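Model, not experiment: these values are computed from the prediction. FYI, side chains are in, hydrogens and waters are out, and symmetry mates aren't considered; it's all heavy atoms of this structure.
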Amino acid sequence: MAHVKGSDHPGPVTEPTYRIRALHTDSTITVYQAYPPEIGLPAGREGRFPATWKRDRMTWIKPSFLWMMYRSGWGTKEGQKRVLAVEIAREGFEWALRHACLSHYEHGLHTDRDTWRRRLNRAPARVQWDPERDLRLQSLPHRSLQLGLAGEAARRYADEWIVSLTDVTPLARVIHGHVQDGELDAARRLLPRERPYPVGDEALSHLHR
């Protein structure tokens, strides 16, 4: 996967609050997850999740590399020491978006709390938007998509959507080393080339106000 070169996210001045930014091709999008070595190492080696990966649990995927670095502490937190880049079919990703529900009640978006809760309980995917991060993992004014997959969505993700699966923990450590040394330009050059993902506003209209 050609995801080791690129530039940092666009500056906050030009960024809308809600927009998906990701490394993507005409047919795939790359998302990130972090796991303990007993899952991450065989997954990176074999290009698929091992049998110990549970399809009946919700799994969260993140198109933002830097948000994954924030969440995993550059791959140093317990249970998150192997960072995986998972290239999946755009068709599957967009199916999940269409079938997703926002993870929290939003007045003006949902009719009422009970309606939202019923939809959330039925939905195979859920979305939350968290502040995007810069190289120092400080929050930015715009938001990064997190997509939770459960039930049918989790099974499709593991069994149908994955095109390639790569352990990018070494890349994370190199970038982190540059950041620690104050070499932000060198770190920025190694970031995945994330750019606006071409999905229409109508596809996200049920996922934010």
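A donor-acceptor pair shorter than 3.5 Å can be found between the side chains of Glu132 and Ser64. With hydrogens and angles left out, the side-chain atoms of Gln33 and Thr59 include a donor and acceptor closer than 3.5 Å. Defined by atom type and a distance below 3.5 Å, a donor-acceptor pair is present between the side-chain atoms of Trp53 and Tyr35. Counting only N and O atoms by type, the side chains of Glu87 and Ser164 include a donor and acceptor under 3.5 Å apart. With no hydrogens or angles considered, a side-chain donor-acceptor pair links Tyr197 and Glu94 at under 3.5 Å.
Within 6.0 Å of the NZ atom in Lys54, the count of heavy atoms belonging to other residues, nucleotides or ligands does not exceed 12. Heavy-atom contacts from other residues, nucleotides or ligands closer than 6.0 Å to CZ of Arg71 number 12 or fewer. For Glu78, the CD atom counts as loosely surrounded, since its 6.0 Å shell holds 12 or fewer non-hydrogen atoms of other residues, nucleotides or ligands.
Distance alone, capped at 3.5 Å, places no donor-acceptor pair between the Arg193 side chain and the Leu191 backbone. Side-chain atoms of Glu152 do not come within 3.5 Å of backbone N or O of Ala150 as any donor-acceptor pair. Put simply, the side chain of Asp134 gets close to the backbone of Arg136: a donor and an acceptor are under 3.5 Å apart. Side-chain N or O atoms of Lys81 include none that pairs as donor or acceptor with a backbone N or O of Gly79 at under 3.5 Å. Side-chain N or O atoms of His99 include one that pairs as donor or acceptor with a backbone N or O of Trp95 at under 3.5 Å. Arg90 contributes a side-chain N or O that, together with a main-chain N or O of Thr25, makes up a donor-acceptor pair within less than 3.5 Å. His24 contributes a side-chain N or O that, together with a main-chain N or O of Pro196, makes up a donor-acceptor pair within less than 3.5 Å. For Arg143 (side chain) and Trp129 (main-chain N/O), a donor-acceptor pair under 3.5 Å exists by modelled atom type.
With salt bridges taken as basic N to acidic carboxylate O contacts below 4.0 Å, one links Arg21 and Glu15.
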Q: Show the numbers, then the answer: is there a side-chain contact (heavy atoms from CB on, under 4.5 Å) between Val127 and Leu145?
A: CA-CA 7 Å; Val127 159; Leu145 176 94; 3.4 Å; yes

Q.
Using side-chain contact (heavy atoms from CB on, under 4.5 Å), reason through Leu66 and Leu135 one step at a time and then give a plain yes or no.
A. CA-CA 7 Å; Leu66 284 176; Leu135 273 169; 4.1 Å; yes

Q: Applying side-chain contact (heavy atoms from CB on, under 4.5 Å), run through Val86 and Tyr157 and close with a yes or a no.
A: CA-CA 10 Å; Val86 188; Tyr157 171 63; 3.5 Å; yes

Q: Start with the C-alpha gap between Trp161 and Phe93, add the side-chain angles, then the distance that decides, and say whether ring pair (Phe, Tyr, Trp, His ring centres under 6.0 Å) holds.
A: CA-CA 8 Å; Trp161 300 347; Phe93 180 75; 8.6 Å; no

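Evaluation of the salt bridge (charged side-chain N to carboxylate O under 4.0 Å, His left out) rule for Asp185 yields Arg188 as partners, not counting sequence neighbours. Checked against salt bridge (charged side-chain N to carboxylate O under 4.0 Å, His left out), Asp159 has the following partners two or more places apart in sequence or in another chain: Arg55.
With side-chain heavy atoms closer than 4.5 Å counting as contact, directly or through intermediates, Leu41 stands alone and belongs to no larger hydrophobic cluster.
In this structure the side chain of Val83 reaches within 4.5 angstrom of the side chain of Ser72, judged on heavy atoms. Leu165 places a side-chain heavy atom less than 4.5 Å from the side chain of Phe49.
Atom CH2 of Trp74 and atom OG1 of Thr169 lie 12.5 Å apart (nearest 0.5 Å). Note that the CZ atom of Arg173 and the CD atom of Gln180 stand 12.0 Å from one another [nearest 0.5 Å].
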